[in-house]
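So that the names make sense, note that chain A is the first sequence line, chain B the second, and so on, each numbered from 1.
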2 protein chains.
Amino acid sequence: MNLKTRRIAELDRVIHEPGRLMIVALLSAVEQADFLYLQHETEMNKGTLSSHLSKLEEAGYIEVTKTYRGKIPQTLLHLTAQGRQAFQQYRRRMKEAL
Amino acid sequence: MNLKTRRIAELDRVIHEPGRLMIVALLSAVEQADFLYLQHETEMNKGTLSSHLSKLEEAGYIEVTKTYRGKIPQTLLHLTAQGRQAFQQYRRRMKEAL
DNA sequence: CAAACCAGTTTGCGCTACCAACCATACTCT
DNA sequence: AGAGTATGGTTGGTAGCGCAAACTGGTTTG
């Protein structure tokens, strides 16, 4: 019982942050998304979204691909296997704690 | 589906913080606890625990009672109705999102 | 009496989050 | 060519967290 509570402290902080939790939850469902889609869904501003994406990439949880939609730049995001696993572990721990 | 994800952004930040989430989870189970019990269970240092408790009190989520165990000061904590409600709402939203 | 101890708070520091504003590129319109 | 627009990144300022160290008020120990 108390051990269960203690595991809250072991939650992955990279994923726990609400902004990033939204991103990871969205990416876990769609397999691939672009920057503007995420911005629209999360209602975050560009700067905040950009820095969260950098952090997730740095952690190895997402892969960032810069490409073009016609002639307009487009940033594509997709969850890596590692990211998917980290998210599932996060979900297990959180559900267990609540 | 997207609305579900967006609700992550509405999670109560006071409760979402892991240190405070542990405190609230513990208090929701025991009805009353003292400072040292919480420190032992959460493994937080005194300073961090103290500041989280202040924040929870400020939010109206816990009630802090300073008393004595013999001649040694003792700080008792218990979840208010408001705190219990906020915790339940947090749990509902988090479970729904995951 | 002085030194050590106990419960808890406050403070200083490094790190992170958030937002707004600005920047770099590249395209479009007139 | 010049103004405006769109994508996305970067920067500066403010606020919160986590830890360790210093501090407060009171008690015990030598």
Asks: Quick one: Asp34(A) CG to dG9(D) C1', roughly how many Å, whole number?
Replies: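 The answer, rounded to whole Å, is 16 Å.
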Asks: Of the options dC17(D), dG8(D), dC18(C), whose atoms approach the side-chain atoms of Lys66(A) most closely?
Replies: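 Nearest to the side chain of Lys66(A) among the choices is dG8(D).
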Asks: Would you indicate what Leu49(A) reaches in the nucleic acid, counting non-hydrogen atoms under 4.0 angstrom: base, sugar-phosphate, or nothing?
Replies: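 Result for Leu49(A) = nothing.
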Asks: On the nucleotide dT16(C), are OP1 or OP2 found under 4.0 Å from the side-chain N or O atoms that His52(A) carries?
Replies: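 Result: no.
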Asks: Report the distance from atom NZ of Lys71(B) to atom P of dG26(D), rounded to the nearest whole Å.
Replies: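 That distance rounds to 13 Å.
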Asks: Check every atom of dT27(D), dG8(D), dT9(C) against the side chain of Ser50(B) and return the nucleotide holding the closest atom.
Replies: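 Nearest listed nucleotide: dT9(C).
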Asks: Which nucleotide in the list dA7(C), dC17(D), dG9(D) gets nearest to the side chain of Thr75(A)?
Replies: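 For Thr75(A), the side-chain atoms sit closest to dG9(D).
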Asks: With respect to the side chain of Pro73(A), which nucleotide from dG9(D), dA17(C), dT7(D) is positioned closest?
Replies: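 Side chain of Pro73(A) sits closest to dT7(D).
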Asks: In Å, rounded to the nearest 0.5 Å, how long is the span from CZ of Arg7(B) to CD of Glu96(B)?
Replies: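 If we round to the nearest 0.5 Å, Arg7(B):CZ and Glu96(B):CD are 4.5 Å apart.
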Asks: Among the candidates dA20(C), dA7(C), dT27(D), find the nucleotide nearest to the side-chain atoms of Arg69(B).
Replies: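 Among the listed nucleotides, the one closest to the side chain of Arg69(B) is dA7(C).
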Asks: For the side chain of Arg13(B), counting heavy atoms from C-beta on, which of dT28(D), dG18(D), dC18(C) is nearest?
Replies: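 Nearest listed nucleotide: dC18(C).
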Asks: Of all the choices, dG8(C), dC17(D), dG8(D), which nucleotide is nearest to the side chain of Gln74(B) once you look at every atom?
Replies: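 From the listed options, dG8(C) comes nearest.
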Asks: Within this structure, what is the CG-to-P distance between Leu36(A) and dG9(D), rounded to whole angstrom?
Replies: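 Rounded to whole Å, this separation is 11 Å.
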Asks: Please give, in whole Å, the distance from dT9(C) P to Leu53(B) CG?
Replies: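 Distance check: Leu53(B) CG to dT9(C) P gives 7 Å.
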Asks: Using whole Å, what does the distance between atom P of nucleotide dG8(C) and atom NZ of Lys55(B) come to?
Replies: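 Taking NZ of Lys55(B) and P of dG8(C), I get 21 Å after rounding.
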Asks: Take atom CG of Asn45(A) and atom C1' of dG9(D), then tell me their distance rounded to the nearest Å.
Replies: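 Distance check: Asn45(A) CG to dG9(D) C1' gives 12 Å.
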Asks: Measure CD/Gln39(B) against P/dA20(D) and give the value in whole Å, please.
Replies: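 In whole Å, dA20(D) P and Gln39(B) CD are 12 Å from each other.
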Asks: Any carboxylate oxygen within less than 4.0 angstrom of a Lys/Arg side-chain nitrogen, looking at Lys66(B) and Glu57(B)?
Replies: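 Salt bridge flag = no for Glu57(B) with Lys66(B).
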Asks: At under 4.0 Å between heavy atoms, what does Lys46(A) touch on the DNA or RNA strands: base, sugar-phosphate, or nothing?
Replies: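 Base contact - Lys46(A) has a heavy atom under 4.0 Å of at least one base atom.
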Asks: Please report the interatomic distance CD1(Ile15(B)) to CD(Gln89(B)), rounded to the nearest 0.5 Å.
Replies: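 If I round to the nearest 0.5 Å, the distance is 8.5 Å.
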Asks: Can you name the one residue among Leu77(A), Leu49(A), Leu79(A) that meets side-chain contact (heavy atoms from CB on, under 4.5 Å) with Ile23(A)?
Replies: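 Only one option passes, and that is Leu49(A).
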Asks: Angle between ring planes, His16(A) versus Tyr90(A), binned at 30° and 60°: parallel, tilted or perpendicular?
Replies: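 Rings of His16(A) and Tyr90(A): tilted, 30 to 60°.
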Asks: Give the rounded distance in Å between these two atoms: CD1 of Ile23(A) and C1' of dC18(C).
Replies: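 So the CD1-C1' distance, Ile23(A) to dC18(C), works out to 13 Å.
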Asks: Pick base, sugar-phosphate or nothing for Thr48(B), based on heavy-atom distances below 4.0 Å to the nucleic acid.
Replies: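 Result for Thr48(B) = base.
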Asks: Hey, is the main chain of Gly60(A) close enough, under 3.5 Å, to the side chain of Thr80(A) for a donor-acceptor pair?
Replies: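 Checked: pair present.
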Asks: Nearest nucleotide by nearest heavy atom, which residue falls closer to the 5' end of DNA chain D, Ser51(B) or Tyr68(B)?
Replies: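 The residue whose closest nucleotide sits nearer the 5' end is Ser51(B).
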Asks: Check every atom of dT27(D), dC18(C), dT7(D) against the side chain of Ile72(A) and return the nucleotide holding the closest atom.
Replies: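 Nearest to the side chain of Ile72(A) among the choices is dT7(D).
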